[in-house]
Amino acid sequence: MTEKVRVRFAPSPTGFLHIGGARTALFNWLYARHFNGAFILRIEDTDRSRSTDEYIEEITKGMKWLGLDWDEGPFRQTGRFDLYKSYVDKLLKEDRAYYCYCSPAELEARRKEAAARGGALAYDGRCRDLSSPVGGPPPAVRFKMPRKGRTIVNDLIKGEVVFENERLDDLIILRSDGTPTYNLTVVVDDVDMKITHVIRGDDHLNNTPKQIQIYNAFGYELPEFAHLPMILGPDKARLSKRHGATSVMAYYEMGYLPDALINYLVRLGWSYGDQEIFSRKELIKYFTFENVGKAAAVFNPEKLLWLNSQYIINSSSENLAELVLPFLEKESIISAGQPQIDMAWLSKAIDTLKERAKTLIELAASLRYYIAEAVEYDEKARTKFLNEKNLPYLVDLKDGLASIPDFSVSGLEKLFTSIIERHGIKLGSLAQPVRVALTGGTQSPGIFEVINIIGREKTLRRLEKAIKTITSRT
RNA sequence: GUCCCCAUCGUCUAGCCUGGCCUAGGACAUCGCCCUUUCAAGGCGGUAACGCGGGUUCAAAUCCCGCUGGGGACGCCA
């Protein structure tokens, strides 16, 4: 095949870009990039009652955040209705389609009845052979499925899947209001846009034989099909709002890095030996359908969280400093109007924190004691460490800190060593009270680094406050 | 109900196509140890899976059949 690969992601704007959609988009994108093909974004908005421009905006926003850039589009189906209509007319003329006068209410009733009886829910074809028009409200148009033979889907992932044509029902291709439906538009557009590979969720596998029949009716060559396994929630049911955050942008808000989400998503259904972490370059290089699995996958937020922490650790602190800014504002650690924060200093602070933060929100939160003017003590930490016994150590340290010339990490270490030797105590006996005095809690990066970053003045103020806290209580 | 898809540790997966190298590998989570000024990170180790039943074969996680289980579709949604 020398034809250039052309794939598309075709969401309907009836909701946000969710995890499942993002995974479909990602696999399409990877496939296109791997083969140096084109990735097309097409908005399937033929259902005018449920589609909104806001959702189109949300979907493109999500894709941009994930870095899934498209080469053509976004195309919308609204506005191409004349085109679809002409295809319907063609089918009508060739007796490959017919008018159906059954009302939605009647159809609904028949389906209910069939379900109660335990029979097939497909359309019974009662308008299929009508010889003359029936009066009343405008009819819908149905595609005339062949009743004999079988349709074979040669799926790149699932292999050969066989459907008996008698099981395929005559689907509606034009609503009674004159608007086309999905199964028609998807074929017309995929042909029109010269799509070579249709890559989508396997919930579409059952639609495929019907679409193949439509291709056949027009005499068009079939694209390749690849149906990806679904993503399930922890209860093994299809991933939905019930399972918590399913919108891609919710992950932005929770402080995830787009690369981490991408990496997580790609491993849901795809693998490359034992490798877990991939750069985009590697993904593009390695991605093929050969390594795509067939079984549905359960979405596991904990592994995503781990990946996110790995991506944070491996990101440059300069980059993280930029990314964390909006979260610092949101957590009210800095105010939007605040004088410019020193980015070099921020990066240095992040150096000490990034291996402790799993999300940008955690990173922002841990920056609080570096940035804020004063800290609040954790009650338990205070009673345990800010007490009479530790008072002399803190006083000693304060005096030492006020006078040492070398405020570097190694200089601070020397000071600490001299103090603990003088008192005959272990480093921990000094470090923990100091940690509480400076950060308010018992957990932080190495104490020398903390002091180094907080700086002499602020450190001294906090030590004084801690000393006062102890003495005022006795 | 009918049709379609799927089936390896709790979860994501490697291995399956081209049977033997599988005493089934990796990762997350979990447990323990090490490192250690706390917390992390990191290192080391443990627990943990071929759904069941039949075949085929000298040999089956790997091939075939059935069952069971799970998922999906059955819309004038996409």
Does B:rU36 have its OP1 or OP2 closer than 4.0 Å to a side-chain nitrogen or oxygen of A:Gln432? no
Out of B:rA14, B:rG42, B:rU38, whichever nucleotide has its closest atom nearest the side chain of A:Gln443: B:rU38
Between P of B:rU37 and CG of A:Leu397, the distance in whole Å: 17 Å
I want to verify a distance call: between B:rG26, B:rA78, B:rC39, whose nearest atom is closest to the A:Asp274 side chain? B:rG26
Assign A:Ser271 to base, sugar-phosphate, or nothing according to its heavy-atom contacts below 4.0 angstrom with the strands shown. sugar-phosphate
In B/S/- notation, 5' to 3', how is nucleotides 63-74 of chain B contacted by protein heavy atoms closer than 4.0 Å? --------SBSB
Identify each donor-acceptor pair in which a side-chain atom of residues 166-174 of chain A lies under 3.5 Å from a protein atom, sequence neighbours left out, and give them as a table.
residue  : atom : partner  : partner atom : Å
A:Asp169 : OD2  : A:Tyr123 : N            : 3.2
A:Asp170 : OD1  : A:Arg128 : NH1          : 3.1
A:Asp170 : OD1  : A:Met145 : N            : 3.0
A:Asp170 : OD2  : A:Tyr98  : OH           : 2.7
A:Asp170 : OD2  : A:Arg128 : NH1          : 3.0

A:Trp306 CH2 - B:rA41 P separation (whole Å): 11 Å
Here the gap from A:Asn28 atom CG to A:Leu68 atom CG, rounded to the nearest 0.5 Å, amounts to 10.0 Å
Please state how far atom OH in A:Tyr55 lies from atom P in B:rC77, giving the value in whole angstrom units. 18 Å
What's the verdict on side chain to side chain contact (heavy atoms under 4.5 Å, CB included) for A:Val198 and A:Thr208, showing C-alpha distance, side-chain angles and the deciding distance? CA-CA 10 Å; A:Val198 171; A:Thr208 309; over 6 Å; no
Interatomic distance at C1', B:rC22 relative to B:rA60, whole Å: 12 Å
With the side chain counted from C-beta on, respond yes when A:Leu346 and A:Leu367 share a heavy-atom pair under 4.5 Å apart, and no when they do not. yes
Closest to the A:Lys358 side chain: B:rC28, B:rC76, B:rA41? B:rA41
So for A:Glu276 and B:rG26, does any side-chain atom that can act as donor or acceptor lie under 3.5 Å from a complementary atom in the base? yes
Are there more than 12 heavy atoms of other residues, nucleotides or ligands under 6.0 Å from atom CZ of A:Arg456? yes
Please check the phosphate of B:rU13 (OP1 and OP2 only) for any side-chain N or O of A:Lys303 closer than 4.0 Å. no
When the aromatic ring centroids of A:Tyr256 and A:Tyr311 are compared, is their separation below 6.0 Å? no
Could you work out the separation of B:rU8 and B:rA41 based on their P atoms and round it to a whole Å? 30 Å
Check every strand shown and say whether A:Ala297 touches a base, only sugar-phosphate, or nothing at a heavy-atom separation below 4.0 Å. sugar-phosphate
Whole-Å P distance, B:rG46 and B:rA59: 33 Å
Whole-Å distance between B:rC12 C1' and A:Leu305 CG? 15 Å
When you measure from every atom of RNA chain B, which of residues 417-431 of chain A have a heavy atom less than 4.0 Å away? A:Leu427, A:Gly428, A:Ala431
Under 3.5 Å, is there any donor-acceptor pair linking the side chain of A:Ser12 to the base of B:rC77? no
Check RNA chain B against residues 43-52 of chain A and give the residues with a non-hydrogen atom under 4.0 Å, in numerical order. A:Glu44, A:Thr46, A:Asp47, A:Arg50
Does A:Cys100 reach a base, just sugar-phosphate, or nothing at all? Heavy atoms under 4.0 Å. nothing
Using atom names, set out every protein N or O paired with an N or O of nucleotides 43-49 of chain B below 3.5 Å, distance rounded to 0.1 Å.
none

Taking atom P in both B:rC6 and B:rG66, what distance in whole Å separates the two? 14 Å
Taking only residues two or more places apart in sequence, or in another chain, which ones meet A:Arg42 in a salt bridge (charged side-chain N to carboxylate O under 4.0 Å, His left out)? A:Glu44, A:Asp189, A:Asp190
Using a heavy-atom cut-off of under 4.0 Å over every strand shown, decide if A:Ile447 touches base, sugar-phosphate, or nothing. base
If I pick the C1' atom on B:rA48 and the same atom on B:rC34, what distance separates them, to the nearest angstrom? 23 Å
Residues pairing under ring-ring contact (aromatic ring centres under 6.0 Å, His included) where one sits in residues 141-167 of chain A, two or more places apart or in two chains, turn out to be none
Please measure how far the C1' atom in B:rC16 lies from the corresponding atom in B:rC63, and state the result in whole Å. 10 Å
Compare the minimum distances between each of B:rC12, B:rC76, B:rC6 and the side chain of A:Ser176, then state the nucleotide with the smallest one. B:rC76
Listed pairs, N/O of protein and of nucleotides 30-33 of chain B, under 3.5 Å:
none

Kindly say whether the aromatic ring centers of A:His197 and A:Phe289 come within a distance under 6.0 Å. no
Given atom CZ of A:Arg175 and atom C1' of B:rA78, what is their separation to the nearest angstrom? 9 Å
Just wondering, are more than 12 heavy atoms of other shown residues or ligands nearer than 6.0 Å to NZ in A:Lys85? no
Between B:rU30 and B:rC67, how many Å separate the two C1' atoms, rounded to a whole number? 34 Å
Expressed as a whole number of angstroms, how long is the span from A:Glu449:CD to B:rU36:C1'? 13 Å
Between B:rG45 and B:rA7 - P atom distance, rounded Å: 32 Å
Contact check, side chains of A:Lys384 and A:Val436, non-hydrogen atoms, under 4.5 Å: no
Looking at A:Ser444, I'd like to know whether one of its side-chain N or O atoms comes within less than 4.0 Å of OP1 or OP2 on B:rC39. no
How many Å lie between CZ on A:Arg267 and C1' on B:rU13, as a whole number? 5 Å
Please, which pairs that meet ring-ring contact (aromatic ring centres under 6.0 Å, His included) have at least one residue in residues 413-453 of chain A, sequence neighbours excluded? A:Tyr393-A:His423, A:Phe416-A:Phe448
State, with a plain yes or no, whether a side-chain heavy atom of A:Thr352 is found less than 4.5 Å away from one of A:Asn452. no
For A:Lys90, which residues count as a side-chain contact (heavy atoms from CB on, under 4.5 Å) partner, sequence neighbours excluded? A:Glu94, A:Phe218
Can you name the residues that form a salt bridge (charged side-chain N to carboxylate O under 4.0 Å, His left out) with A:Arg111, not counting sequence neighbours? A:Glu108
Can you check the A:Phe9 CZ to B:rA78 P distance for me, whole Å? 16 Å
State whether the number of non-hydrogen atoms from other residues, nucleotides or ligands found under 6.0 Å of A:Glu376 atom CD is greater than 12. no
Partners meeting side chain to side chain donor-acceptor pair (under 3.5 Å) with A:Glu318 (sequence neighbours left out): none
For the side chain of A:Arg142, counting heavy atoms from C-beta on, which of B:rC76, B:rA40, B:rU11 is nearest? B:rC76
Of all heavy-atom pairs linking A:Val375 and A:Leu438, the shortest is CG1-O, 3.4 Å
